[in-house]
*Asks:* 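Here it is: the structure, laid out below.
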Amino acid sequence: MTRTEQEGHTSPPGDWRREYWRKNLRLMVILLSVWFIVSFGCGILFVDQLNKITIVGFPLGFWFAQQGAIYTFLVLILIYALRMDRLDDEYGVSERDGDGERL
Amino acid sequence: MSQIQTWTTVFIVLSFGTYIFIAWRSRVHETDSFWVARHGIPTVANGAAIAADWMSAASFISMAGLIAFLGSDGSIYLMGWTGGYVLLALLLAPYLRKWGKYTVPEFVGERYNESVRTVAAIAAILISYTYIVGQMNGGGIVFSRFLGIGITGGVMIAAVIILIYAVLGGMKSITWTQVAQYTVLITAYLIPAVAVAQLITGIPIPQVSFGQILAELNALSADLGLSNYTEAFTERPMIDIFLVTMALMIGTAGLPHVIIRFYTTKSVRGSRYSAFWALLFIALLYTTAPAVGAFTKFNLLEGVKGTSVDALPQWIENWASTGLVSVNPDAETIGSVSNDAAAGADLTVNNDILVLASPEIAGLPAPIIGLVAAGGLAAAMSTAAGLLLVISSSASHDLYFRRFRKHADDRERLLVGRIAMAVAVVAAVLAGIEPPAFVAQVVAFAFGLAAASFFPALILGIFWKRCNAAGAAAGMLAGLALTITYMVHTLEVFGTSANDHILNISPEGIGTIGALVNFIVAIAVSKLTSPPPKHIEEMVENIRYPAVTRRTADTGAVATEERPDRPEEGSG
């Protein structure tokens with residue numbers, strides 16, 4: 001592990017940590033809201049109302065419960081992973097090997 | 001030997017040979033490789049391994065059949081068993097990987113204290129053991145139908161193969177074997193599904209084309225005395241659907257054999273992408289399953305509707321010998337179909353055979369049927385292997401070495417790990433040969449227990465520094481007590497009588513309430529007692545940031561944070 005002196009930090013050391021963590025939590029809350037609305041909202045609570053609409057043979061509520069929710073879950077995880085890559089880089093906490101390549 | 005048996009034998013021998021070969025190539029010599037494959041599994045491979053680990057005999061063999069008879073309400077399994085990955089990826093995987101050791105009880109032990117660790121280790125063993133019984137039994141069904149070997153023989157063969165590769169290579173060879181098993185099982189699932197979709201609708205994408213038959217399926221169901229396929233809440237009330245879905249999701253995120261897989265990745269970032277790849281691989285099967293359910297039910301109903309009992313399709317006779325399909329002796333033509341023997345319908349079909357029989361029901365050729373058999377076995381074996389690993393690591397790493405041999409060297413740890421694995425396999429075989437009558441209910445137990453115990457303890461441990469050992473222990477005990485009490489109250493196990501559901505909550509859904517109680521009790525007790533020591537707060541702080549050293553943006557230099565690297569590995 002490379003060890004260098006703590007250089008020229010003007011802001012208190014805890015500051016970036018709180019900011020990073022807050023951004024992480026905000027992203028999480030947004031994504032989990034979508035998770036809840038699509039699965040429990042569209043797939044369960046409002047399934048009867050949505051079933052009145054039919055698209056290519058699928059009643060819409062039924063489609064969310066058996067197909068749409070799963071696709072949404074997948075997209076949510078991908079968005080989280082990609083956004084966290086950016087956030088890690090922004091705050092300099094991404095994991096790199098000796099040559100600066102991502103691990 | 002029939003043509004089906006020949007092909008089944010060919011596929012099973014080929015696939016088993018591959019597993020053994022892979023296991024031999026990736027055999028290991030150190031504890032670190034044995035338990036977490038040296039944290040060195042590439043992300044995509046880890047995703048495939050998680051998918052195979054996760055998708056059990058229940059997913060492969062039973063799920064589409066369950067959906068076929070539950071109709072719209074089958075969504076509890078589809079959403080419940082996939083939605084948990086969002087929770088895993090966002091709330092657990094990255095932080096547990098950053099902390100990075102061997103087992104789930106180990107994290108709980110370090111975050112709270114040793115007694116909580118012991119409780120967690122015992123819970124992990126119980127949960128995994130109940131789960132494994134179902135896998136062994138699923139493997140036995142495949143053997144007895146396709147190869148004419150009894151369930152006993154079938155379970156023994158599967159167990160010997162698992163024993164060889166699990167004991168040889170631990171997590172490393174289990175992971176690489178699971179990658180192969182995923183390939184086998186997904187191929188076996190998709191080929192017949194695509195073929196059936198093409199046959200019936202002319203569109204070879206089952207996810208899209210099963211919409212075409214839903215209206216007709218609803219009409220057929222009405223004719224044969226079954227409930228409307230696409231209408232929600234025909235089988236369970238809304239409140240129960242909500243709670244069961246939630247319990248399965250948080251149960252998934254709390255199952256030790258799933259969580260442990262995120263320790264094997266190379267980095268924190270790797271654990272996030274592993275969750276993505278895992279769900280992608282799982283979604284391939286889970287979005288196909290409702291199509292398989294709908295198509296198979298459609299074929300089945302159309303094939304038997306109004307047919308006289310002498311002229312029934314051949315598959316019914318093939319499967320009748322397993323006792324999983326039966327024709328009512330009083331019936332002359334088939335006018336009603338059910339999955340419940342007690343309903344007294346003209347034709348009774350067990351949920352569990354629909355996937356395995358779907359190629360026969362659709363009249364597909366023998367090689368495809370053999371492939372499906374190999375796929376079912378791959379699903380059962382890959383999950384069993386993952387569960388065995390949790391049982392042996394909890395027993396040896398968290399109980400034996402913690403309690404009795406604190407200063408054992410690496411060789412001894414590895415040896416005891418292997419012995420624990422072998423003992424676990426033998427125990428699983430015994431349970432698989434003579435499964436307790438309540439296997440299905442016991443699997444529901446596993447999810448409820450994981451939801452009510454591990455999930456809240458882990459979430460609070462990561463996101464709330466103030467949570468202390470007393471709070472976590474009290475929460476886990478309260479959650480478990482409520483969940484177990486309600487299950488015993490409503491299920492006919494342990495010789496108790498089955499009482500009515502309270503407020504329409506089924507025993508599968510009680511885990512959600514148990515988790516809620518766990519959270520409330522843990523928070524209340526933590527607030528009333530003193531905060532955890534400083535070094536634990538620092539540990540929680542540290543798992544929140546992926547890199548050990550922070551790079552400052554302005555200079556590009558590496559500024560070392562004051563804290564040390566994650567705790568040294570393997571130092572008991």
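Chain A is the first sequence line, chain B the second, and so forth, proteins listed ahead of strands; every chain is numbered from 1.
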*Asks:* Need one label for A:L82: side chain, backbone, both or neither, based on atoms under 4.5 Å from any heavy atom in chain B.
*Replies:*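 For A:L82, the contact with chain B is made by backbone and side chain together.
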
*Asks:* Which one wins on heavy-atom pair count under 4.5 Å against chain A: B:I282, B:I213, B:L87?
*Replies:*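 Most heavy-atom pairs within the cutoff with chain A belong to B:L87.
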
*Asks:* Hey, which of B:F210, B:Y85, B:Y286 has the most heavy atom pairs under 4.5 Å with chain A?
*Replies:*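 Most pairs with chain A among the choices: B:F210.
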
*Asks:* I'd like to know if the side chain of B:S274 pairs up with that of B:N46 as donor and acceptor (distance under 3.5 Å, no hydrogens or angles considered).
*Replies:*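 There is such a pair (donor and acceptor under 3.5 Å, judged by atom type) between the side chains of B:S274 and B:N46.
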
*Asks:* With a 4.5 angstrom heavy-atom cut-off, is it the side chain or the backbone of A:N24 that approaches chain B, or both, or neither?
*Replies:*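 Answer is side chain: those atoms of A:N24 sit under 4.5 Å from chain B.
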
*Asks:* Less than 4.5 Å to any heavy atom of chain A: does that hold for the side chain of B:A275, its backbone, both, or neither?
*Replies:*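 Interface part for B:A275: both.
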
*Asks:* Which atoms of A:S39 come close to chain B, meaning under 4.5 Å heavy atom to heavy atom: side chain ones, backbone ones, both, or neither?
*Replies:*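 The answer is both parts of A:S39.
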
*Asks:* In a check of side chain to side chain contact (heavy atoms under 4.5 Å, CB included) between B:M246 and each of B:I76, B:T512, B:I241, B:L516, which one passes?
*Replies:*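 When B:I76, B:T512, B:I241, B:L516 are each tested with B:M246, the side chain to side chain contact (heavy atoms under 4.5 Å, CB included) holds only for B:T512.
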
*Asks:* For chain B, which candidate among A:T72, A:I70, A:L76, A:D48 shows the most heavy-atom pairs at distances under 4.5 Å?
*Replies:*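 That would be A:I70.
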
*Asks:* Sort B:I67 into side chain, backbone, both or neither according to what part of it lies under 4.5 angstrom from a heavy atom of chain A.
*Replies:*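 Just its side chain gets close to chain A.
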
*Asks:* So which part of A:L27 gets closer than 4.5 Å to some heavy atom of chain B, the side chain, the backbone, both or neither?
*Replies:*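 For A:L27, no heavy atom lies under 4.5 Å from chain B.
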
*Asks:* Counting only non-hydrogen atoms closer than 4.5 Å, does B:L91 touch chain A with its backbone (N, CA, C, O), its side chain (CB onward), both, or neither?
*Replies:*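 For B:L91, side-chain heavy atoms alone lie under 4.5 Å from chain A.
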
*Asks:* From B:E216 CD over to B:Y229 OH, what is the distance, rounded to the nearest 0.5 angstrom?
*Replies:*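 Going from the CD atom of B:E216 to the OH atom of B:Y229 covers 14.0 Å.
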
*Asks:* Name the region of B:F233, side chain, backbone, both or neither, that has any atom closer than 4.5 Å to a heavy atom of chain A.
*Replies:*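 B:F233 touches chain A through side-chain heavy atoms alone.
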
*Asks:* Looking at A:R83, I'd like to know if its CZ atom is crowded, meaning that more than 12 non-hydrogen atoms belonging to other residues, nucleotides or ligands lie closer than 6.0 Å.
*Replies:*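 No, CZ of A:R83 has 12 or fewer neighbouring heavy atoms, counting only those of other groups under 6.0 Å.
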
*Asks:* Any idea which of A:D89, A:D85, A:N51 has the most non-hydrogen atom pairs under 4.5 angstrom with chain B?
*Replies:*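 Between A:D89, A:D85, A:N51, the count favours A:D85.
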
*Asks:* Under 4.5 Å heavy-atom distance to chain A, tell me which part of B:L90 shows up: side chain, backbone, both or neither.
*Replies:*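 Both backbone and side chain.
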
*Asks:* Does B:Y545 have its ring centroid less than 6.0 Å away from the ring centroid of A:W16?
*Replies:*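 Between B:Y545 and A:W16, the centre distance is under 6.0 Å.
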
*Asks:* Report yes or no: is the cationic atom of B:K297 (NZ for Lys, CZ for Arg) closer than 6.0 Å to the six-membered ring centre of B:F69, at no more than 45° off its axis?
*Replies:*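 Here B:K297 passes the 6.0 Å and 45° test against B:F69.
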
*Asks:* Can you classify the ring geometry of A:F62 versus A:F58 as parallel (below 30°), tilted (30 to 60°) or perpendicular (above 60°)?
*Replies:*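 Answer is parallel, since the angle falls under 30°.
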
*Asks:* When you check the side-chain N and O atoms of A:D88 and A:Y20, is any donor under 3.5 Å from an acceptor?
*Replies:*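 Indeed, the side chains of A:D88 and A:Y20 share at least one donor-acceptor pair under 3.5 Å.
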
*Asks:* Answer with side chain, backbone, both or neither: which region of B:M249 has an atom nearer than 4.5 Å to a non-hydrogen atom of chain A?
*Replies:*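 Contact with chain A: side chain only.
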
*Asks:* Starting at CZ of B:F262, measure out to CG of B:L96 and round the result to the nearest 0.5 Å.
*Replies:*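 Answer rounded to 0.5 Å: 9.5 Å.
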
